[in-house]
Every structure is written in structure tokens, then in C-alpha cells.
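Each remark here refers to the structure printed beneath this line.
Counting convention: from 1, in listed order, for ligands and their atoms alike.
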Amino acid sequence: MRKPLIAGNWKMNKTMAETKELISAIAPKVKDADCDVVVCVPYTDIQTAKRAAKGTNIKIGAENVHWAQSGAFTGEISADMLKELKVEYVIIGHSERRQYFGETDETVNKRVQAALDAKFKPIVCVGETEEERESGMTETVLLRQVTEGLKGFKSKDFDKIVIAYEPVWAIGTGKTATATDANNTIGYIRHVLAKKFHRSIAEKARILYGGSMNVKNCKELMAEEEIDGGLIGGASLKADDFAFIVNYDK
Ligand code: 13P
């Protein structure tokens with residue numbers, strides 16, 4: 001049985017003061033959640049978020065991690081730095097990183113390794129662009145992203161690795177994949193895991209949907225068999241909306 005997971009991705013939003021306020025507003029509303037609750041925040045907000053989430057069921061994550069231990073990588077962050085902040089999750093390979101900051105399957109692979117070495121749970125994002133979808137390339141793209149991005153990882157690593165299927169055309173656009181479409185595509189990712197890794201990995205890996213998931217569509221998406229949770233952007237910035245999604249089964 002895979003435990004559902006609802007994760008917020010705050011992207012480049014919220015100051016420290018706003019972080020304290022938002023986490024404190026979310027906490028009482030999600031305290032009876034049946035799923036894992038994660039909030040991934042900007043680096044500068046991590047310490048504040050950890051403090052505000054202390055004693056609650058909210059886990060805090062970062063939005064990226066570099067593969068090197070230290071060195072001349074201006075603007076990057078190392079696993080050791082995040083470890084001191086005691087983050088539990090880290091988003092890797094988000095499409096915004098791939099699109100605007102040159103992230104590739106190879107760098108994704110290295111970042112996932114660094115995250116696992118630090119005992120973080122990586123949330124690895126995959127997904128096709130609108131052009132790729134329209135030219136019938138969705139499965140080819142996902143096959144490449146999953147096999148290359150997760151190359152070399154073993155069964156025990158998949159106790160920690162979470163995959164997020166985020167079709168790029170659905171992110172921040174208000175366009176969501178239909179629940180059936182999202183379910184089928186996530187089913188395809190599971191099929192890739194079974195073929196390229198092992199059937200037991202396909203069965204245990206948690207795969208989330210992300211892309212304009214909100215209070216209106218969360219119940220329908222979460223009712224699908226293959227969908228183990230959500231990675232929520234815009235709606236995770238509002239306490240009521242995020243809590244509603246976390247409590248999708250109530
Ligand atoms: P939206 O929920 O704003 O579409 O963002 C999804 C996302 O990119 C989460 O990582």
C-alpha cells in the first residue's frame with residue numbers, strides 16, 4: 001500500500017514573515033490528515049518553516065539540491081547545508097528548472113544521488129511540454145526522463161524517491177489533465193518502472209500528479225488508482241485551499 005502524499009511547492013514565493021503566518025495557518029487545518037503533508041519552500045524560509053511546523057504533521061522540503069559537497073557553484077545549495085536545516089524532502093528536476101535553468105536528466109540524476117546520500121526524500125519531477133504532447137511524444141519523453149533521471153537507483157532507493165508527473169502545459173495555466181488522462185500517464189510511468197527497474201519498484205513507488213491541481217479537481221484526481229498524491233503550486237500558497245486538498249478524503 002502506498003501512502004498518499006500531498007506536497008506544496010511554494011516556488012519563489014513568501015518572505016520569512018509570510019512563511020510563519022502561512023505555516024501557522026495551515027497546521028491546525030491539516031492536523032488530522034491521513035496522507036503525508038509536505039511543504040517545499042525557498043531556502044531562506046526553511047528555518048522559519050521548520051520552527052512553525054514543529055510538533056505538527058507538516059514536513060518541510062527544499063526546492064533543489066546540488067550534487068557537489070561544496071565549491072564554486074554560485075547560487076546553488078549543498079546537501080550538507082540542507083541537512084543542518086533538517087529538511088526531509090527536496091524537489092528535483094522541476095520543469096521550471098529544466099526550462100529556465102538548463103536542468104537535464106543527467107543533472108537530475110546527480111542531484112537525486114546527492115539527496116539520497118543525505119537521506120532526503122527526493123521528489124523527482126517529469127512531464128512533457130505542450131509541443132511534445134501535440135506531436136505525440138509524451139511517452140518517449142517520460143521514458144527518457146524516468147530511465148535517465150533515475151538511472152542506477154536500486155529498490156531500496158525507491159522507498160524514498162517520489163516521482164511527480166507534471167505536464168508542463170498544465171502548470172500554472174489552469175488547464176489540468178483530465179483525471180483519466182493523468183491516471184493513464186502515471187500508469188505508463190509505472191509501466192516504465194516495471195520494465196526498466198523492477199515490478200516491485202513500480203508497485204511501491206509513489207507517483208504524484210502536479211499541474212493546476214486545486215480544490216475543484218483534487219477529489220477526482222485523488223480517486224484515481226495510479227495517482228498517489230499531488231504536487232501543488234498556486235493552491236499551496238493559500239492555507240484554506242492547501243488544507244482542503246490535503247483533506248481530499250474527508
Ligand atoms: P500549479 O499548481 O501552480 O499549476 O503548479 C504546479 C507545480 O509546478 C508544482 O510543482
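Using modelled atom types, no side-chain atom of N109 and backbone atom of T147 make a donor-acceptor pair closer than 3.5 Å. The closest donor-acceptor contact from the side chain of E132 to the backbone of T129 lies under 3.5 Å. Looking at D241, its side chain never comes within 3.5 Å of a backbone N or O of F244 through a donor-acceptor pair.
Polar contact with ligand 1: absent for T173 (N/O pair, distance under 3.5 Å). Checking only distances, I171 never comes within under 3.5 Å of ligand 1, N or O to N or O.
Atoms of ligand 1 lying under 4.0 Å from any heavy atom of K11, numbered from 1 in the order shown and given with element: 5 (O), 6 (C), 7 (C), 8 (O). Per-residue contacts place G172 under 4.0 angstrom from the following atoms of ligand 1 (heavy atoms of the residue considered): 1 (P), 3 (O), 4 (O). Atoms of ligand 1 found under 4.0 Å from any heavy atom of A170, numbered from 1 in the order shown, are 4 (O). Close approach of ligand 1 to E166 (heavy-atom distance below 4.0 Å) involves ligand atoms 6 (C), 7 (C), 8 (O), 9 (C), 10 (O).
Under 4.0 angstrom from ligand 1, the non-hydrogen atoms of N9 all belong to its side chain.
Around the NZ atom of K204, the shell of radius 6.0 Å holds more than 12 heavy atoms that belong to other residues, nucleotides or ligands.
In summary, of the residues considered (K3, R206, R2), a side chain to side chain donor-acceptor pair (under 3.5 Å) with D228 occurs for R2 alone.
If you check each of G174, G210, G234, S236 against atom 3 (O) of ligand 1, the one with the closest non-hydrogen atom is G234.
With Y89 as the aromatic partner, K121 meets the cation-pi criteria of under 6.0 angstrom to the ring centre and within 45 degrees of the ring axis.
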*Mind running ring-ring contact (aromatic ring centres under 6.0 Å, His included) on F158 and F197 for me, showing each step along the way?*
CA-CA 10 Å; F158 286 86; F197 297 84; 5.3 Å; yes
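Of the protein's non-hydrogen atoms, the one nearest atom 2 (O) of ligand 1 is G233 N, 2.9 Å.
The closest approach between any non-hydrogen atom of S212 and ligand 1 is below 4.0 Å. Using a 4.0 Å heavy-atom cutoff, G211 is listed among the residues neighbouring ligand 1.
Looking at S95 and Q99, their side chains never bring a donor and an acceptor atom within 3.5 Å of each other.
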